[in-house]
There are 2 protein chains.
Amino acid sequence: MTDVDVLALDNQVCFALYAANRAVTARYRPLLKTLNLTYPQYLVLLVLWEADGAGVRVRVSDLARRLRLDTGTLTPLLKRLQVRHLVRRIRSDQDERVVVITLTDSGRALREQARTVPGQLLGGSGLDPARVAALRDELKSLLQSLEDADETSVR
Amino acid sequence: MTDVDVLALDNQVCFALYAANRAVTARYRPLLKTLNLTYPQYLVLLVLWEADGAGVRVRVSDLARRLRLDTGTLTPLLKRLQVRHLVRRIRSDQDERVVVITLTDSGRALREQARTVPGQLLGGSGLDPARVAALRDELKSLLQSLEDADETSVR
DNA sequence: CGCTGATAGATTGCGCACAATATAATTGTT
DNA sequence: AACAATTATATTGTGCGCAATCTATCAGCG
């Protein structure tokens with residue numbers, strides 16, 4: 001492969017990622033609109049629902065690590081969910097630096113309405129589930145590679 | 001598959017896409033920082049550089065179509081590039097609704113500095129070019145499927 | 001010509017993303 | 001105990017990304 005090809009490939013794959021990501025979240029938008037949620041808010045709730053079922057306490061930093069977001073994104077997002085009484089933000093007694101996020105009953109109840117969301121997405125798109133799963137695994141692998149590289153370069 | 005699996009964060013392609021996209025653009029950021037560009041600004045310039053070489057006029061709507069962005073994103077972005085004298089925004093004489101975007105000499109010159117950007121990205125990450133190319137093709141195919149579905153649903 | 005509908009772009013407003021910085025609490029060290 | 005370093009979250013500011021709305025222009029048609 002020539003240098004030119006490598007340069008072009010970089011641009012192509014990054015743009016493909018950029019465009020595909022927006023196309024997919026655009027596909028989510030009308031579905032989540034019925035729950036009055038944005039896509040990042042939905043992701044936060046996915047983590048909270050999962051932890052709630054397992055009886056695990058979720059701190060802001062847990063959400064940050066799981067979703068690869070920082071507090072500049074999460075704090076205002078969580079405040080908006082709090083205003084809507086979907087979550088509570090409670091400062092920990094043991095360590096007063098920590099804020100624990102818990103679901104309210106409304107937040108817990110929203111899970112039932114959200115159950116139908118994933119199915120309506122790819123199900124209604126005529127996309128091959130096996131190919132989609134393979135793509136997901138490639139993306140996870142790519143993410144892992146990038147994060148591993150960051151780790152080692154920092155040390 | 002149980003309901004729990006469907007809502008599990010790790011099982012979602014969309015999250016993999018979302019996280020991988022941000023990881024890749026984060027990888028671009030320090031490189032583009034040396035040119036004082038953001039990733040969307042860089043994408044706009046890629047289109048302009050390409051059209052400039054081919055002697056093609058680029059309208060705002062051309063950028064919107066190519067990059068899948070709307071004017072609410074593009075207009076302020078282009079104004080910022082204009083303030084920095086990288087592009088000109090000229091309203092067409094033939095059709096006064098149209099705004100044509102042209103490169104200034106500085107904007108054209110920036111292309112040389114940008115040449116080294118892509119190679120440093122995935123090339124320096126020890127990722128297999130063939131796998132990256134396959135990923136690009138899958139993403140393009142996904143994007144195409146989603147856009148085709150939108151087309152038909154509109155009619 | 002005057003009207004209607006379509007088209008191109010701009011504007012406003014909201015919600016992310018993220019860098020940079022700040023604040024407060026905790027831990028480690030001496 | 002005093003203090004430096006670390007950790008957890010919050011705040012501020014900038015730039016997307018997109019929905020909704022607006023203005024101006026153009027094209028078609030009686």
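Numbers restart at 1 for each chain; the letters A, B, ... are given by sequence-line order, proteins then strands.
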Colleague: Considering only D/dA10, C/dA25, C/dA10, which nucleotide approaches the side chain of B/Arg91 most closely?
Modeller: C/dA10
Colleague: Would you mind reporting whether B/Leu7 and A/Pro118 have side-chain heavy atoms less than 4.5 Å apart?
Modeller: yes
Colleague: Rounded to whole angstrom units, what separation is found between the CD atom of B/Glu96 and the P atom of C/dA10?
Modeller: 13 Å
Colleague: Could you check if a side-chain atom of B/Thr75 sits within less than 4.5 angstrom of a side-chain atom of B/Arg89, using non-hydrogen atoms only?
Modeller: yes
Colleague: Is any side-chain heavy atom of B/Leu143 closer than 4.5 Å to a side-chain heavy atom of B/Arg68?
Modeller: yes
Colleague: Let me confirm one number: the CG-CD distance from B/Leu9 to A/Glu50, rounded to the nearest 0.5 Å.
Modeller: 6.5 Å
Colleague: Find the distance A/Asp93:CG to D/dA8:P and express it as a whole number of Å.
Modeller: 17 Å
Colleague: Answer yes or no: is there a donor N or O on one side and an acceptor on the other, between the side chain of B/Arg91 and the main chain of B/Val100, under 3.5 Å?
Modeller: no
Colleague: Kindly indicate whether the side chain of B/Arg59, heavy atoms from C-beta on, has any atom under 4.5 Å from the side chain of B/Ser92.
Modeller: no
Colleague: With DNA chain C as reference, determine whether B/Arg59 or A/Asp95 sits nearer its 5' end, using the nearest nucleotide of each.
Modeller: B/Arg59
Colleague: Rounded to the nearest angstrom, tell me the gap between atom CZ in A/Arg97 and atom P in C/dA25.
Modeller: 10 Å
Colleague: Rounding to a whole Å, what distance do you find between A/Lys79:NZ and C/dC14:P?
Modeller: 17 Å
Colleague: Can you build the contact string for nucleotides 12-23 of chain D? Use B for base contact, S for sugar-phosphate-only contact, and - for no protein heavy atom under 4.0 Å.
Modeller: ---SSBBB----
Colleague: Quick check for you: among C/dA25, D/dA10, C/dG9, whose closest atom lies nearest to any side-chain atom of A/Arg89?
Modeller: D/dA10
Colleague: Could you tell me the separation between the CD1 atom of A/Ile101 and the C1' atom of D/dA10, rounded to a whole number of Å?
Modeller: 12 Å
Colleague: Using a 4.5 Å cut-off on heavy atoms from C-beta on, say whether the side chain of B/Leu63 contacts that of B/Leu78.
Modeller: yes
Colleague: Specify the separation, in whole Å, of atom CG of A/Leu78 and atom P of D/dT9.
Modeller: 10 Å
Colleague: Compute the angle between the rotation axes at the two ends of the helix from C/dC1-D/dG30 to C/dT30-D/dA1, each taken over five pairs, rounded to 10 degrees.
Modeller: 10°
Colleague: For the pair made of CG in B/Asp62 and C1' in C/dG9, what is the distance, rounded to whole Å?
Modeller: 13 Å
Colleague: Let me know the distance between CG of A/Leu67 and C1' of C/dG15, rounded to the nearest Å.
Modeller: 16 Å
Colleague: Does the side chain of B/Val24 come within less than 4.5 Å of A/Val13's, by heavy atoms?
Modeller: no
Colleague: Taking only residues two or more places apart in sequence, or in another chain, which ones meet A/Tyr28 in a ring-ring contact (aromatic ring centres under 6.0 Å, His included)?
Modeller: A/Tyr39, A/Tyr42
